Amino acid sequence: MRATTCAPPDSVLSNIAFLSVRVRSFSALAVMLLFAACAPKEPPVIRVGLIGMFIGQMGPTSGIPAREGARLAVDEINSAGGVMINGVAHRIELIEREVDDRPDAAALAARSLINLDSVDAIIGPQISALAIGAAPVAEASEVLMISPMASNPAVTAGRRFVFRLAFVDAFQGAVLARFAYDSLSHRRAAILHDAASAYGRDISRLFKETFESLGGRVVGIETFNVDDPADWRPQLRRLLARNPDAMLLPNFAQYDSAQVRQARELGFRGRFLGSDSWDVRALAVRNNASGSIVVGNWDRQSSRDVVRTFIAKWELRHPEPARATGAATYDAVHLIALAMSRAGTKRSRAVADSLRNFGMYEGVISPLDFRGSNDPVRGAAILEVSRNEEVWVRGFVPPPPR
Amino acid sequence: MIRHLLRRSLSARLTSAFLTLSVGTVVLATYVSYRESEAALRSRLEERLDIFAEEDASELAHWLQRHRSTVSFLANLPTTLSAVTRRDTAMLGNVLAGLDAEAFSATELLLLEVPGGRVLYSTREANIGTFGVTQLFYVEGREELFTQPIYPSGDGGAPTLTVAAPVKDANGRTRAVLAAHLDLREMELALAKRPGAVPIDAYLVNQFAEFVSADRFGAAEHRRGVRSDAINAALEGRSGVGLYDDYAGNPVVGAWRWLPDYRLALILEAPQDRAFAPARRLLWISLVVGLVAALTLTLGIVVITRRLTRPIVAITRAAEQVAGGQFSVEAPVEGKDELAMLATAFNAMTVRLRTLYGELGAQVAATREALTQAQASRALLQDVVDNTTTLVLVIGHDFAVRLANARVAALAGLPPERLLGARLADLPGTIGMSIAALVREVRDVRAPAERELELGDGHETHTWQAVAFPLTLADGTPYAVGVVATDLTERARLEADRRERDASVQQAQKLESLGIMAGGIAHDFNNILGAILGNVDLAQTMLDDPAEVNDALEQIAAASRRASELTRQMLAYAGRASLRREVLDLRAVLTDIVPLVRAGQPKKIEFLVQQMVEPLWVEADPAQISQVALNLLTNAAEAIGSEAGRVTLLASHVEAPPLSDHERPPEHTGAWIRISVEDTGSGLTDEVRTRMFDPFFSTKSSGRGLGLSAVRGIIRSTGGILRIESATGRGTRFDVYLPAAAAPAATTEPPSITPTGRRAGTVLVVDDEEVLRRISRRTLELAGLKVIDAPDGAEGLARFKEFADVISLVVLDITMPGMGGIELLGEIRKLKPDLPAIIASGYDRADDLSSTTPDHWTRFLQKPFGIHTLREISLDLIARSREARDARNEVGAA
């Protein structure tokens, strides 16, 4: 990493740490001079930490797409000469940190990136539950953090340094309810969600409010505990007894397939409604999910240039198709680079201000405009799971007018 | 200052050397002992810290074990299980409330339901109903007693240490998890407090270098953790002791441990300044004691060296006084050692010096005196030469200026001080080269040289008469060349100025004199007119007697001639032409002027003109001589005033004018003529005598004060000298000495031709005044000539052309309107070159005929002229013309 003539500072300092005060200050001076002489050999670096679940169940749908999106953006920026800050080109160094699916683990990862790796900004975690753990650490240390796909309002609420690129849960709950009532003519909806998940709770609450205010009826809401064995039949039976024509499952990918399967086995013939946490591609292979409607962050079939370019680049590097998480993480890296360049500094306080007042950014995930807040004003995609492995886009809900 | 003292004083040098050595020794010894004591203190402190660290680590282990036991105990209480199964949290609260706060300190105690992780009970009521299903302590705590090492809490990131235990039912199935977030502040407080002279601070830092104590966590300055060498080393898993700067930059002695069970670093630190205070105190005490000792010893050295150097200082003082000129000083001689011998030798030396100095002083005084005199004489010389108008220069043989006066400086355009010593070649303008050539010549031939130089000062160039001469030493060796030059141009100009001034004064005075003369003229004219009128009356009454009439007419003619003479004299005096130098007989001038003066003066004054037998020829302007005589005579008469008195006029030949001592002999070397005017007046006062030649000085109220000034000017311009003798009460005598001139050659009058023979001839008379024209015409007709006349030049020329063949003479008036006589004559002569002509003029011929060359056939006649004169000249010219023509005819016939 460094030229061999310039010894890393840690070993030098620890070697001289126990000398007398006077001798040490001399040595420290010498070391400083040594590094001053070495400094020009290495371009300045922006250290960006990426927190993600790369291993395990969430890997293929969340961690890995996020990592690949981030790497793609970093490679683009660095090969184009880096980030110009006050006329000085900075290389981006990506520091990836695996995290368990626990808020305390996310906080641990954020603390580790900040205190031990001295990162200038953090991207991730991708989901609200983890972002809620990491956000207070970043905020307390005043380090910029962008959680690309976190939709829970608590992630950014009252914070200056934490941003998201997704829409908030309430928004997708409302969008889903309106589409189900207006376009699909459903009138009786049932809901099954994770009792401990704020995500599921918030989507359910907004769905219920919106659906019922339109004239529909939520016939039942059941919850489940994630540490139970994966059997939701009791809840499903109770729900099916109320004769719903649509069922909202605002749960994460590791549950949706099983829940869909069990619901069909118990005789449910209605339509499933999913949140942005659904892995639509994984679901698509199962016949019994076809026709399901999912609200998504990304319209991957968009004709916008940035989307087409991104997909083209992605496909050159990966056999797997691009996912929303990848696109959003890719956008997050670019946004951080642009905001730092505009602010003329790496300091998070100025970069956060720059980001809030960035104006319209033509992101891959969506056109984004923070309009002075930490949550972007943006649109949502309505997707339909099709039988023949294709995803139909049923529509795109535009961002609310400025 | 100090360096100066060290060089000067042996004592100071000795003292300072000793002081330096002793202070150096003291400092070195003090430093060594300080380092030793510091090292000893440090090693003892480090040992203590190491022991303390061990103590604290085990204390922490005890603290944690106590809490683990408590949590486990609580989880296994039947009350807890029944609270879960019955969901009766109130009961649980009672149990927990009974816990000893000293033995068990947790920020939160909570009970989570299994499955689902829902919080059934918490000491923080806000958390009841939330889900802890994803928490590690929940996941692990379901199985067995679990301690979750320090981690950032999910709701704010504060370091948290959680102990969790399963609450199991009789079947061994976990129904709930009891978890306690331990109070880390209390944990840190559990560390032993060790107050004392050296306070030791103990604290805990987590794996992210954060303080775990809530008292210290999250301070703005520690946002990204705290760092020090000890913390870094501990986070790398090492333990140790040493000196370093703590996280706030204060130097400390510290010990560190990594406690892997808690993922905590234990740090114990004591401030270095407190830890090493005894060593520093020792340092200061040693330093002060050592320095005092060194200073005391130094004082001793001072006393000893003083005693040794005192005789040397005494001799030195004496030597200084001798150097200052006091030769009477003696150095004290103490004892018989080497220093005493030095003092004796020194005293002998001063005696010798005293003698020598006395002699030297006398010589210096003499030299100074000579120098002062030389400077004074040089200044005097410079003053003298500076105040002359001549150039004065002394040039060395090296062509450097050794002396130059102000004129030279002005001419060279240099300030005088720069001129001195300058080389001739360096002087601006031509003066340098001109003088150099002269100097070179004098130097080479060793004889004086004289030359006229053209020298300019940039504005104008003057001619200088330069004389250069070698300057020699007493033995005759030339060493320089002196140059003296006189400004010829300036002298000539001054001369011209003076002449001009004199002329203007004379002219002014002449006008004044005219006024004086007018009185005399009027008197004479009245007499003459009286005679003429009387005789006319006589003639009218005696028309019957031709003889009487003729006699009266004779009288009239005589009176008229006198009047004419008077006019001539007046014209002669008024003389329009100035400076008409001619040889004249003074007798005539003087005789003419006396009646004019006499006429204007009271009859009481007698004018006595001494008999002048021989002609007195002088070369002068008759008008000016008249002016001189008039002035002197008038002055003499006025000096007498209204009293009776006598004015005597005498002119005679003399040998030479008397000269006073300072007077230059006049240029004239021949005979002289003296005109003396003497009066019997009151004589001149001294004041008048001093100022009488000043223009505009007058003793008379009516006079303009120009008389004597003009007289002196005229006499000077004529080459004469004026002498005055005066005695108060006995009158004044003015003597005018004029150079005598040779008598003019006798004028050869043309042979007078008797107006007989042929008087035939025709005369053309041109005159604008009819009366004169008629008289001329009548006169010429009486002489038997035919007369043609014309009133002006133009008609005269016409008449001449008409009668050119017969006209044998023209009589022309010189001043006429239109064509004047001279011009008309010119025209006539073009036709007949040898035609005789008479030019008549009311003025002196010199005025208007200056451009006309008089010739044989032209005569000038001054108005008024007598008819006899006109007739005789006319007949004469006609006769000569005819003779000449006859002669030409004879030659032609022969």
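Labels below follow one simple rule: chain letters A, B, ... track the order of the sequence lines, proteins then strands, and each chain is numbered from 1. The model shown is predicted, which means the values in this text are computed figures rather than measured ones.
- The shortest non-hydrogen separation linking B:Arg227 to A:Asn115 is NH2-O, 2.9 Å.
- Put simply, the side chain of B:Gln207 does not reach to within 4.5 Å of the side chain of A:Arg111, judged on heavy atoms.
- Looking at heavy atoms from C-beta onward, A:Arg201 lies in side-chain contact with B:Phe131 at the 4.5 angstrom threshold.
- Using a 4.5 Å cut-off on side-chain heavy atoms (C-beta onward), B:Leu136 and A:Asp104 make contact.
- Open room surrounds CZ on A:Arg347; 12 or fewer heavy atoms of other groups in view lie less than 6.0 Å from it.
- Among B:Val114, B:Thr130, B:Val133, the residue making the largest number of heavy-atom pairs under 4.5 Å with chain A is B:Val133.
- The shortest side-chain heavy-atom distance between A:Asn225 and B:Arg118 does not fall under the 4.5 Å cut-off.
- The shortest non-hydrogen separation linking B:Gly116 to A:Ala196 is O-CB, 4.5 Å.
- Counting heavy atoms of neighbouring residues, nucleotides and ligands inside a 6.0 Å radius, atom CZ of A:Arg238 exceeds 12 of them.
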